*Asks:* 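Structure incoming, see below.
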Amino acid sequence: MSEQHLHRQLGLTDAELAMYSVMWSEHCSYKSSRVHLGRLPSDGPQVVLGPGENAGVVDIGDGLGVVVRIESHNHPSYVEPYQGAATGVGGILRDILTMGARPTACFDSLRFGLPVEAPATAVAPSGDSGAADDETLRQRWLANGVVSGISGYGNAVGVPTVGGEILFDPTYAGNPLVNVMALGVMELEHLQRAQATGEGNIVLLIGASTGRDGIGGVSVLASSGFEAGDEEKRPSVQVGDPFEEKKLIEACLELFRSGLSVGAQDLGGAGLTCATSETAAGGSGGMDVDLDAVVLREQGMPAFEILTSESQERMLVVVEPGDLDAALDVCARWEAPACVVGRVTDSGRLRVRQGGDVVCDVPPASLAEGIRYDRPLARPARIDALTARDPSAELPVVTEATLREETSLLMTSPNLASAEWAYRQYDHQLFLNTVVRPGEGDAAVLRVMGTDKALAVALDGVGRYGRLDPRRGAALAVAEASRNVSAVGAVPIAAVDCMNFGNPEKPEVMWEFSEAVDGLTEACEALGVPIVGGNVSFYNETSGRDIDPTPIVGVVGLVDPLPGVPSGVGFEVLGDLVLVAGATGVDLGGSEWAWWNYGVVCGSPPAVDWPAERAHNAFLADVQRAGLARSVHDVSLGGVAVCLCECALAGGVGAVVDTTAWAPAISLSAALFSETSGRSVLSVPPGAAEAIEHLAQTHGVPIFRVGEVGGDSIFGIPLADLESAVTPRW
Amino acid sequence: MSGLVAIPIIPGVNCEHDVAHAISLVGGESAFVHHMEATLPSGTQAVYIPGGFSYGDYLRAGAIARFAPIVAAIGRAAADGMPVLGVCNGFQILCEAGLLPGALARNVGLRFLCQDVHLRVETAGTPVTHRLKAGNVLRIPINHGEGCYTAPTETIDRLEAGNQVLLRYCRPDGTVDPDDRESNPNGSLRSIAGVTNEAGNVAGMMPHPERASESILGSVDGLPIVESLVKVSTTAGVA
């Protein structure tokens with residue numbers, strides 16, 4: 001009796017055990033999060049496919065749909081930053097491809113620990129011990145490795161990286177975040193489904209050979225925390241090959257367009273196990289798979305390794321027997337290796353054979369549907385302690401005499417540094433769609449070739465807000481991303497979320513997660529933006545310490561029609577008037593100023609006034625549509641003070657500003673550094689000021705004339721000094 | 001009836017759709033040609049080798065692509081005087097294939113660079129610059145990790161003497177300083193951004209003219225280059 005037979009008599013085979021282990025992992029089954037995710041609003045008149053698919057699909061008219069998805073690759077990137085980030089890009093592109101669309105744009109949201117030491121006035125930012133020398137160097141190594149990985153893979157595979165953001169906080173020192181969002185535009189009639197239908201149809205495995213890389217990645221890396229010495233987990237990180245992926249993309253697109261494919265599913269987390277069980281469960285219900293037909297990188301791989309390998313650049317495509325030769329011809333022309341690995345059955349079983357043995361014989365749905373936990377929730381003790389403190393009481397009173405010094409110090413925060421070092425390494429122009437490039441606006445703007453429409457995309461999420469109030473933190477992420485796309489003239493039409501949280505086995509973390517889901521729900525309902533897809537990344541903890549709850553939200557906006565290149569963010573013309581739109585409150589809780597300058601993170605993050613937020617978004621879109629303003633920039637981290645500095649830096653011209661003009665009733669510190677939502681800074685030709693003010697009035701948005709563009713300083717800080725403050729030292 | 005511009009598709013190149021779009025903008029016609037083809041399509045009057053990462057740029061950019069049958073066909077057509085433009089990876093392939101002098105090394109900063117650069121037209125009247133004048137300054141994006149033009153000093157002297165330097169990286173005002181990383185970001189020798197062969201009909205350049213083909217994309221300065229190639233192919237015989 002062979003070993004396999006013995007195991008069968010005792011229960012599950014080795015292969016089955018491994019398959020359930022990966023499919024029932026947190027990463028694949030969403031077992032801890034699913035009971036909460038149902039609360040997210042995912043319906044809308046434009047939603048074609050919502051969460052639960054490989055990617056969300058939104059109708060933008062003219063028979064076209066936007067396919068969009070976000071995913072994390074946090075843990076692999078910590079273990080091996082270049083390959084971790086590279087394969088994160090590769091994985092998300094295949095999700096877009098699986099729907100039938102050519103992936104045409106990528107966006108990254110990255111979080112690292114501090115790459116520089118905190119200022120002396122903020123001895124212990126975030127309550128952490130300040131970053132030591134070798135620690136800042138390690139964070140630089142991580143950040144550079146991740147950016148190189150995105151650049152190396154994205155550029156070579158031929159998908160431009162056109163936007164994103166990078167933030168730093170000690171909470172991510174032991175667990176960086178690498179969230180990648182991708183989108184494609186397709187004719188909706190060519191939409192593909194991840195279904196293996198039609199008994200007797202043939203299952204093709206296309207793309208790279210299968211090796212020992214990434215075995216059990218979803219369970220070893222993505223579903224557990226980190227301890228010291230985890231370099232040993234490096235073999236669980238996959239290695240990317242963008243050239244294979246490029247050939248795979250071209251071959252699959254041709255298969256889809258020519259109608260040769262019945263269904264398709266990429267091989268990502270949990271590899272062949274996930275692709276076969278999900279397509280079988282979603283299709284005719286059964287599949288026979290022959291592991292001896294899988295092309296391997298090395299001999300002697302047991303069934304469980306082949307079934308759980310996360311070798312990259314592979315795709316499962318189902319074809320009718322009569323189309324097999326044509327399909328193989330397409331693959332051969334693109335030099336994408338393809339082999340027949342199985343057949344669709346109606347047996348209701350996923351049967352896998354190797355060397356004559358049946359190594360797996362289970363109902364595919366039992367793998368694909370996973371399990372579901374309703375884990376206990378508990379409000380963390382820290383929240384009450386932190387929110388009970390009034391940040392204003394712990395911060396100095398800013399005066400006209402000290403505002404220059406305060407602002408100069410604030411501008412040295414790595415979160416306000418120029419990201420040019422990163423996006424210059426990314427091809428951000430391929431496909432000739434990029435109208436607003438990285439660094440030029442609050443959101444990337446991509447025209448939709450062949451139409452007069454454009455898409456605007458922004459990613460946001462501030463973990464510090466989440467630490468104080470995960471519900472508000474999540475809501476603020478939606479608010480800011482929506483405001484960003486509005487600022488370039490778009491109407492937000494859909495959102496995707498990547499939920500980065502700690503260990504879900506801790507009731508406090510589950511409570512944070514549940515709160516964040518409610519915050520997303522509140523915000524998306526208030527702004528009328530459905531969530532069409534998402535990803536949950538738990539176990540973001542190192543040595544038992546969880547990261548701040550960090551939901552990253554990507555919002556897609558539609559500009560229809562695109563009137564031309566939208567106004568940028570910079571002050572450019574002497575004599576233009578500077579205006580602040582939106583009301584400023586006392587919102588210093590979790591603010592960049594309190595944190596970076598003084599290490600103070602307490603109080604409550606800003607509460608969003610939803611009607612005001614909506615009105616402000618509509619106002620911004622109208623301003624861009626009418627081409628009334630010379631520049632538009634949303635106010636976010638660092639408040640109006642930082643926003644003004646950024647406008648001056650972007651355009652290369654300073655401004656003279658009356659600091660009492662937009663919030664005379666509150667302290668100067670709050671006027672300058674409050675992070676109240678729903679605000680923007682505009683510069684307008686004097687002749688257009690009244691029209692803008694009238695527009696603001698129609699929307700019910702308060703607007704203030706605060707100064708004039710001119711000179712080479714802002715608040716008396718020379719632009720050259722600001723330039724050196726925002727130049728990264730990593 | 002206009003002449004056809006052939007766009008060879010070597011696995012891993014990715015700018016083919018952009019190139020076809022730019023050619024259509026100037027009223028030209030183009031056709032994709034598979035890399036295993038041993039001949040160019042009938043009616044081909046010019047070739048535009050697009051950028052990208054042929055064979056992943058593994059080993060060395062363009063080093064594997066030069067063995068593609070279509071590259072041999074392009075070599076034969078070039079010897080007969082057909083205008084050929086290689087952009088970015090296309091330039092690297094032409095150098096590796098020996099159809100153009102010199103080589104493209106890693107950028108001096110060792111980082112990939114995607115940004116606008118300014119270019120000064122050094123030699124007008126070639127199949128890709130006959131719509132331009134020497135001294136014209138163009139703003140066109142680069143997008144490469146291996147774009148540092150290099151060759152033995154004697155070769156470069158010969159190129160300069162023979163009017164084979166097509167374009168140089170320059171400041172917005174047209175001044176050239178090879179040591180200035182702002183204007184010559186990849187560190188190319190003598191700021192060379194593009195060269196031609198001795199006959200002048202084969203040209204290579206690192207910047208992407210097709211990416212500067214519409215004002216909504218930020219610049220139209222690449223159009224005269226695309227138009228030069230297309231109009232040569234329609235009038236034919238200019239070489």
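Keep in mind it's a predicted model, so treat the numbers as computed, not measured. Throughout, protein chains are lettered first and strands after them, A, B, ... in sequence-line order, and every chain is numbered starting at 1.
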*Asks:* Applying a criterion of heavy atom separation less than 4.5 Å, what residues of residues 173-185 of chain B form contacts with chain A?
*Replies:*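 Result: none.
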
*Asks:* By number, which residues in residues 7-15 of chain B have some heavy atom less than 4.5 Å away from chain A?
*Replies:*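 B/Ile9, B/Pro11, B/Gly12, B/Val13, B/Asn14, B/Cys15 fall under the 4.5 Å cut-off.
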
*Asks:* Between A/Arg447 and chain B, with a heavy-atom cut-off of 4.5 Å, which part of the residue counts as in contact: side chain, backbone, both or neither?
*Replies:*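 For A/Arg447, the side chain is the part near chain B, not the backbone.
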
*Asks:* Report the option among A/Lys247, A/Glu335, A/Glu244 that has the most heavy-atom pairs separated by less than 4.5 Å from atoms of chain B.
*Replies:*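 Most heavy-atom pairs under 4.5 Å with chain B: A/Glu335.
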
*Asks:* Check A/Arg333 against B/His34 and note the closest heavy-atom contact, atom names and distance.
*Replies:*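 Closest pair (atom of A/Arg333, atom of B/His34, distance): O-NE2, 3.0 Å.
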
*Asks:* What is the minimum heavy-atom distance between A/Tyr426 and B/Cys114, and which atoms define it?
*Replies:*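 Closest pair (atom of A/Tyr426, atom of B/Cys114, distance): O-CB, 3.2 Å.
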
*Asks:* Under 4.5 Å between any side-chain heavy atoms of B/Arg111 and A/Val147, yes or no?
*Replies:*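 No; the side chains remain at least 4.5 Å from each other.
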
*Asks:* Would you please go through residues 55-67 of chain B and name the residues with a non-hydrogen atom below 4.5 Å from one of chain A, in numerical order?
*Replies:*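 The residues closer than 4.5 Å to chain A, in numerical order, are B/Tyr55, B/Gly56, B/Tyr58.
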
*Asks:* If we ignore hydrogens and angles and just use 3.5 Å, is the side chain of A/Arg437 paired with the main-chain N or O of B/Leu217 as donor and acceptor?
*Replies:*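 Yes: the side chain of A/Arg437 pairs with the backbone of B/Leu217.
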
*Asks:* Using 0.5 Å steps for rounding, measure from the CZ atom of A/Arg102 to the NE2 atom of B/His17.
*Replies:*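 Answer rounded to 0.5 Å: 4.0 Å.
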
*Asks:* Using non-hydrogen atoms and a limit below 4.5 Å, what part of residues 428-435 of chain A faces chain B?
*Replies:*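 Residues A/His428, A/Gln429, A/Leu430, A/Phe431, A/Leu432, A/Asn433, A/Thr434, A/Val435 are the ones that qualify, each having a heavy atom under 4.5 Å from chain B.
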
*Asks:* If you count heavy-atom pairs under 4.5 Å with chain B, which of A/Gly564, A/Ala156, A/Gly158, A/Pro242 comes out on top?
*Replies:*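 Looking at each of A/Gly564, A/Ala156, A/Gly158, A/Pro242 in turn, A/Ala156 comes out on top.
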
*Asks:* Which bit of B/His144 comes within less than 4.5 Å of chain A, counting heavy atoms only: side chain, backbone, both or neither?
*Replies:*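 For B/His144, there is no contact with chain A at all, as no heavy atom is under 4.5 Å.
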
